[in-house]
Amino acid sequence: MFALVDCNNFYVSCERAFQPRLEGKPVVVLSNNDGCIVSRSAEAKALGIRMGTPYFQARPVLDQHQGYAFSSNYALYGDMSRRVMGYLAEVAPEVEVYSVDEAFLNLTGMEQWQGDLEAYGRRIQAGIRQYVHLPTCVGIASTKTLAKLANHVVKKSTAHHGVLCLDSPEQCRWALEQVAAADVWGIGRQQAARLQAHGITTAAELAEVSEAWARRHLGGVVGARLVRELQGQACLELTPSDDALPQRHSIAHTRSFGTPLTAYQPLLGAVAAFATRAAEKLRRQNSAVNILTVFLSKNRHGSAPAPHTTSATLNLPAATSDTAELIRYARTALKRIWQPGSAYKKAGVVFAGLETAGAQQLNLFEASGQTAQRVRLMAELDRLNAHYGAGTVGFATALPGKGENWSGKKDLRTPAYTTCFKELWCIHMDGGFL
DNA sequence: TCTGGGGTCCTAGGACCC
DNA sequence: TCTGGGGTCCTAGGACCC
């Protein structure tokens with residue numbers, strides 16, 4: 001049996017954990033650059049505010065109902081997530097951290113709870129509520145896809161108080177009937193439309209199609225697997241997340257600008273800064289990169305015709321994780337695509353073709369590859385920035401020039417209560433200060 | 001005025017090989 | 001008039017996820 005533990009309205013709930021006055025109020029959290037709405041409280045959802053809505057569009061209705069909006073505070077959400085996952089690791093035999101706010105648990109062999117896994121789910125829910133102060137829902141079933149589905153059912157209903165265990169065929173059948181095919185894990189917009197065209201609208205109907213049909217109409221093996229999972233036959237294994245950070249196969253840092261950039265120099269600064277951030281992520285997972293892409297995007301929503309994005313990809317002569325080297329390559333790529341007079345709204349640096357650092361295939365014709373000295377320099381850079389704060393030491397190219405500002409808006413950010421000494425949670429009592 | 005960011009997996013089709 | 005039959009590898013792009 002698998003469980004899916006999912007924090008409700010995660011970003012909003014993190015903000016509420018430190019600001020109880022937000023309980024019962026419409027609350028939203030915004031994406032980078034205060035652009036879109038990416039998390040909504042139940043009250044905000046009830047106002048008809050949809051996921052991904054531009055903030056400026058939702059703002060009137062939010063203001064009208066005395067709602068609150070916050071810039072995203074990733075330091076806070078990341079730390080709250082670590083606390084949740086830490087708790088789960090203590091109470092479950094195997095945990096797969098699936099995203100910042102959800103995790104799969106493998107419940108195989110939990111004899112002491114057999115017959116009452118729902119009680120186990122409730123214990124987890126209460127534990128997270130007590131220790132991390134976050135609301136969760138727990139879905140339990142024989143496959144990951146059904147656990148997801150159970151979780152979806154409890155999120156929508158008040159009857160189950162956030163925990164549902166599908167431990168009989170009747171329970172499964174009932175749950176499948178509650179869920180639209182479009183809401184099944186792995187069914188996106190395209191597939192949902194295709195299903196609809198074939199008269200399949202509920203998860204129960206989807207669970208009844210033949211394997212051949214699924215292969216043909218739902219994207220080959222993925223579709224066949226999905227249907228089997230709905231039928232209760234586990235095809236997806238749990239991949240336990242150990243203490244090590246997950247190994248990414250690609251690493252990117254991309255951002256929209258507060259105001260569009262046209263001139264080369266500030267764009268170079270931004271791209272260098274993005275390459276710096278991506279290189280830090282790269283070294284954190286002990287990888288080196290072979291393929292580097294830089295892209296620039298113009299305003300997607302303006303009148304200009306597509307394409308809005310141009311990119312350049314370089315195959316590096318040897319894998320590296322050296323920030324200085326990567327900034328040089330990023331500059332080369334940028335020069336290829338930058339066009340004078342264009343106003344760019346967004347840029348990004350993407351690393352692909354990752355391999356373990358130190359195991360690089362050396363280039364036969366060039367004496368390249370990182371020297372031990374450069375590796376030590378990068379390690380020291382990371383150490384200083386970890387100890388004294390991000391951006392303490394860096395490369396001049398990656399600094400904004402005089403009067404330049406490429407960072408996005410973040411006007412409504414709350415303090416990093418749990419990860420920054422300067423922003424620690426303060427409690428005021430009787431006008432005094434604790 | 002204002003519209004996010006970072007991933008994964010799979011498939012189709014082209015290039016190339018014998 | 002007519003134009004083989006398998007393979008492998010790589011890449012671009014689609015679809016999906018949170």
Side-chain angles (χ1 to χ4, degrees), chain A residues 4-11 28-40 49-60 62 69 71-72 74 77-78 81 96-104 144-145 148 151-152 155 182-195 215-226 235-236 239 245-260 274 277-278 281-282 285 290-291 293 295 297-302 307-309 311 313 315 343 345-354 407-412:
Chain A
L4 179 74
V5 183
D6 186 321
C7 301
N8 305 344
N9 317 329
F10 183 59
Y11 293 173
V28 299
V29 172
L30 309 175
S31 65
N32 268 311
N33 211 19
D34 291 350
C36 293
I37 286 166
V38 292
S39 182
R40 306 158 296 157
I49 297 173
R50 300 171 60 114
M51 188 73 171
T53 307
Y55 176 45
F56 72 90
Q57 282 176 6
R59 193 165 173 181
L62 199 60
S71 302
S72 35
Y74 295 114
Y77 311 149
S81 174
E96 174 184 344
V97 177
Y98 178 66
S99 75
V100 69
D101 70 330
E102 59 190 289
F104 284 104
K144 280 176 144 183
T145 305
K148 265 279 200 188
N151 194 288
H152 184 84
K155 274 231 173 69
D183 292 333
V184 170
W185 187 40
I187 299 294
R189 275 223 312 276
Q190 308 285 326
Q191 313 269 43
R194 193 175 298 186
L195 288 173
R215 264 179 200 278
R216 211 167 119 217
H217 295 99
L218 291 174
V221 293
V222 186
R225 208 155 56 194
L226 186 152
C235 302
L236 303 172
T239 16
L245 287 159
Q247 285 288 315
R248 302 285 177 210
H249 297 142
S250 67
I251 285 176
H253 193 84
T254 70
R255 283 289 178 279
S256 298
F257 305 126
T259 48
F274 298 171
R277 295 304 309 275
K281 294 184 212 171
L282 192 67
Q285 69 165 40
N290 282 296
I291 300 165
T293 299
F295 72 80
S297 299
K298 299 178 203 169
N299 185 2
R300 282 181 297 144
H301 306 280
H308 303 110
T309 299
S311 68
T313 298
N315 285 296
K345 193 73 187 73
K346 177 178 177 178
V349 175
V350 184
F351 296 159
L354 305 191
S407 70
K409 249 193 325 192
K410 235 179 186 10
D411 297 338
L412 309 166

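Letters A, B, ... are given to chains in the order of the sequence lines, protein chains preceding strands, and every chain is numbered from 1.
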Could you say whether A:His249 or A:Val221 is positioned toward the 5' end of DNA chain B, judged by the nucleotide with the nearest heavy atom to each?
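Final value for this comparison: A:His249.
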5'-most by nearest nucleotide on DNA chain B - A:Arg225 or A:Arg255:
A:Arg255
With sequence neighbours left out, what residues match A:Asn33 under side-chain contact (heavy atoms from CB on, under 4.5 Å)?
A:Ser256, A:Lys345, A:Lys409
Could you work out, with side-chain contact (heavy atoms from CB on, under 4.5 Å) as the rule, every residue matching A:Ala343, not counting sequence neighbours?
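Scan of A:Ala343 (side-chain contact (heavy atoms from CB on, under 4.5 Å), adjacent residues dropped) gives A:Pro260, A:Thr262.
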Please name all residues satisfying salt bridge (charged side-chain N to carboxylate O under 4.0 Å, His left out) with A:Arg277, sequence neighbours left out, ordered by chain then number.
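Applying salt bridge (charged side-chain N to carboxylate O under 4.0 Å, His left out) to A:Arg277 gives A:Glu280.
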Spacing of A:Ile291 atom CD1 and A:Asn315 atom CG [to the nearest 0.5 Å]
5.0 Å
Distance (rounded to the nearest 0.5 Å) between A:Asp34 CG and A:Lys410 NZ:
7.5 Å
Shoot me the first and last contacting nucleotide of DNA chain B against chain A, ordered 5' to 3', at under 4.0 angstrom to non-hydrogen atoms.
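Terminal contacting nucleotides, 5' to 3': B:dC2 to B:dT11.
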Please check if the side chain of A:Lys281 supplies one atom and the backbone of A:Ile251 the other of a donor-acceptor pair under 3.5 Å.
no
At 4.0 Å (heavy atoms only), tell me whether [X] reaches a base, stays on the sugar-phosphate, or touches nothing.
{"X": "A:Leu30", "answer": "nothing"}
{"X": "A:Lys346", "answer": "sugar-phosphate"}
{"X": "A:Val100", "answer": "nothing"}
{"X": "A:Asp34", "answer": "nothing"}
{"X": "A:Phe10", "answer": "nothing"}
{"X": "A:Val97", "answer": "nothing"}
{"X": "A:Arg59", "answer": "nothing"}

Return the orientation label for the A:Tyr77 and A:Tyr11 ring planes: parallel under 30°, perpendicular over 60°, tilted otherwise.
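If you compare the ring of A:Tyr77 with that of A:Tyr11, the planes turn out parallel.
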A:His249: partners by ring-ring contact (aromatic ring centres under 6.0 Å, His included), with sequence neighbours left out:
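ring-ring contact (aromatic ring centres under 6.0 Å, His included) check on A:His249 returns nothing, list empty.
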Dot-bracket pairing map - DNA chain B, Watson-Crick plus G-U, both contacts under 3.5 Å, | cross-strand
....||||||||||||||
Using distance alone, with no hydrogens and no angle criterion, decide if A:Ser39 and A:Asn9 have a side-chain donor and acceptor under 3.5 Å apart.
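Their side chains do not contain a donor-acceptor pair, so the 3.5 Å distance test is not met.
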